[in-house]
2 protein chains.
Amino acid sequence: MVPVLSLKFPMKTKVIIIDDHSLFNDGMSLILKESGLFEVIEQIYDSRQAQTKCFSLKPDLIVMDYNMPYLDGLEVVRQLNTSGNDTKIVIVSMYADKKEIELFKKEGVGAYITKTTPATQLIETLKKVMEGEKLFESKNKAKIIIEKDNFALKHQLTKREMEVLRLIKQEETTEKIAETLNLSFYTVETHRKNINHKLKFKTKKEFYAFLETLEE
Amino acid sequence: MVPVLSLKFPMKTKVIIIDDHSLFNDGMSLILKESGLFEVIEQIYDSRQAQTKCFSLKPDLIVMDYNMPYLDGLEVVRQLNTSGNDTKIVIVSMYADKKEIELFKKEGVGAYITKTTPATQLIETLKKVMEGEKLFESKNKAKIIIEKDNFALKHQLTKREMEVLRLIKQEETTEKIAETLNLSFYTVETHRKNINHKLKFKTKKEFYAFLETLEE
DNA sequence: AAAAAAATACCTGCTAACAGGTATTTTTTT
DNA sequence: AAAAAAATACCTGTTAGCAGGTATTTTTTT
């Protein structure tokens, strides 16, 4: 007796992967295929193609990077505007930035996970999202704090200096940082000055590249 | 007649992958396995374990990320000090920073590629490295130039504007750019202004992230 | 030859960042 | 309790970037 098709070949979830890092994109594709649950119907390396391709291919699930040139993950999500259909979106990011996560939540995406997630856990997350669950990383705070402290130690930055640095990363001006921390403008300037003296970056590029490596 | 073992099961290259991003690490592992040429004997997610594990497992090849917490790729390379044995090292980085590449060259690593490399090309690179070749991203300028031109078209940037943009990336001030291009300070400012109007970045972070995607 | 696009140049005024100070208070360590 | 480290605050002056203009010349396209 031959089993019915639907049992032997259960419907696989149709996935589109969007990531400019080809290696990651290709690796992700293999991870999903290997699970046996997903069928990667398209790999997009340039987020500007997302809208057209997603419209024509109608995937069940989109697994997308956050940091991409031209159009970042958030912009793509807004462009896709999946509110009409039931395409699920999962964001895979390098960072667990609270504010960013909030923005994605508001856009109604299914999950936000970091690239430090193991493959097995990713599959679990995707399964849950396909079942309608919403998952947002917030628990692995401990790890991030350890990394941060380690960094602070390395560069002899104080707690307050690290706080200021994080706010600088979040595009805050000295004035706004002062407001946020309830400090005088001058105090924040002093902290900035001391940070600069300790880190001694030669160029702004270097500084901004460094900021990228900071969590939160 | 049974073929000799070495033909049916040619010796696979023993690889250790070092990357704190589990998803990338796991994906890379699948890419290497799928090629049939490599055997992933260990996946390291915390670079601080690299020294001990590489010493005991003696891999033929190490595929390693550059940006990692605690110990970055360069520090690990220096720690491993593979000059004594013939373990090859390939660095996979997010950025193609010339200065960084130079540092790795000096340390004698086999290749430095970016995460935008497709999986097929990665395998080719690894094969070549195992044959003793050294590969450092710089020749695939053609591709990058095409991307750039494409980019210029999409954003309607003129040739001159692209030239100015490249110099901005190189940390030049408006004044120096003017000198370099033999233009008036005001002219360069006008170009900058027009670039800004065309690209309309919301934040400096965005702008610097974008600059990273541009090649010299 | 005319029109459009690109490149050139100048001017004003504002703002944020930053360098180089000084100085007091609070917290932590010895 | 004393010393050291961290956090607080203020002041001056410079500079680069940028927004908002105007305007001429050169090159390219139609």
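The sequence lines fix the lettering, A, B, ..., with proteins before strands; numbering per chain opens at 1. Note that this is a predicted model, so its numbers are computed, not measured.
- In this entry the distance linking CD1 of A:Ile168 with P of C:dA16 reads 14 Å, nearest Å.
- If you take CD of A:Glu161 and P of D:dT8, they are 10 Å apart, rounded to a whole angstrom.
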Report task. Could you encode protein contacts along nucleotides 25-30 of chain C as a string, one character per nucleotide from 5' to 3', using B for base contact, S for sugar-phosphate-only contact and - for no contact, with a heavy-atom cut-off of under 4.0 Å? Result -> ------
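- In this structure, the CG atom of A:Leu167 is 13 Å from the P atom of C:dA17, given to the nearest Å.
- Applying the side chain to side chain donor-acceptor pair (under 3.5 Å) test to A:Gln51 and every residue at least two apart in sequence or in another chain returns nothing.
- Under the side chain to side chain donor-acceptor pair (under 3.5 Å) criterion, B:Gln79 pairs with no residue at all, not counting sequence neighbours.
- The side-chain contact (heavy atoms from CB on, under 4.5 Å) check on B:Ser22 picks up A:Pro118, B:Tyr45, with sequence neighbours excluded.
- Atom NZ of A:Lys159 is surrounded by 12 or fewer heavy atoms from other residues, nucleotides or ligands within 6.0 Å.
- As rounded to whole Å, 16 Å separates atom P of C:dA17 from atom NE2 of A:His197.
- Under the 30°/60° scheme for interplanar angles, the aromatic rings of A:Tyr66 and A:Phe104 are found to stand perpendicular.
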Report summary line: Its dot-bracket string being built from Watson-Crick and G-U pairs below 3.5 Å, with | for another strand and [ ] for crossing, DNA chain C has the pattern ||||||||||||||||||||||||||||||
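- As rounded to whole Å, 13 Å separates atom C1' of C:dA6 from atom CD1 of B:Ile195.
- Taking the side chain of B:Thr173 as heavy atoms from C-beta on, and the options C:dA19, D:dG17, D:dA19, the nearest nucleotide is D:dG17.
- Shown here are the side-chain contact (heavy atoms from CB on, under 4.5 Å) partners of A:Glu179, two or more places apart in sequence or in another chain: there are none.
- Applying the side-chain contact (heavy atoms from CB on, under 4.5 Å) criterion to A:Ser35, with sequence neighbours excluded, gives A:Leu37, A:Phe38, A:Ile123.
- Taking 4.0 angstrom as the limit, A:His191 places none of its side-chain polar atoms (N or O) nearer than this to OP1 or OP2 of D:dA7.
- Counting only heavy atoms from C-beta on, B:Thr174 has its side chain closest to D:dG17 among D:dA16, D:dG17, C:dA19.
- The salt bridge (charged side-chain N to carboxylate O under 4.0 Å, His left out) test applied to A:Arg160 returns A:Glu163, not counting sequence neighbours.
- Separating the CE atom of A:Met162 from the P atom of D:dA6 is a distance of 14 Å, rounded to the nearest angstrom.
- Partners of B:Glu42 according to the side chain to side chain donor-acceptor pair (under 3.5 Å) rule, which considers only residues two or more places apart in sequence or in another chain, are B:Lys53.
- A:Glu39 pairs by the salt bridge (charged side-chain N to carboxylate O under 4.0 Å, His left out) definition with nothing, not counting sequence neighbours.
- The side chain to side chain donor-acceptor pair (under 3.5 Å) check on B:Lys127 picks up B:Glu124, with sequence neighbours excluded.
- Sequence order on DNA chain C of the closest nucleotides to A:Arg192 and B:Asn194 puts B:Asn194 first from the 5' end.
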Under-3.5 Å N/O pairs linking protein and nucleotides 9-11 of chain D:
residue, atom, partner, partner atom, Å
D:dA9, OP2, A:Ser184, N, 2.8
D:dA9, OP2, A:Thr187, OG1, 2.9
D:dA9, O5', A:Thr187, OG1, 3.2
D:dA9, N7, A:Thr190, OG1, 3.4
D:dA9, N6, A:Thr190, OG1, 3.4
D:dC10, OP2, A:Ser184, OG, 2.8
D:dC10, N4, A:Thr190, OG1, 3.3

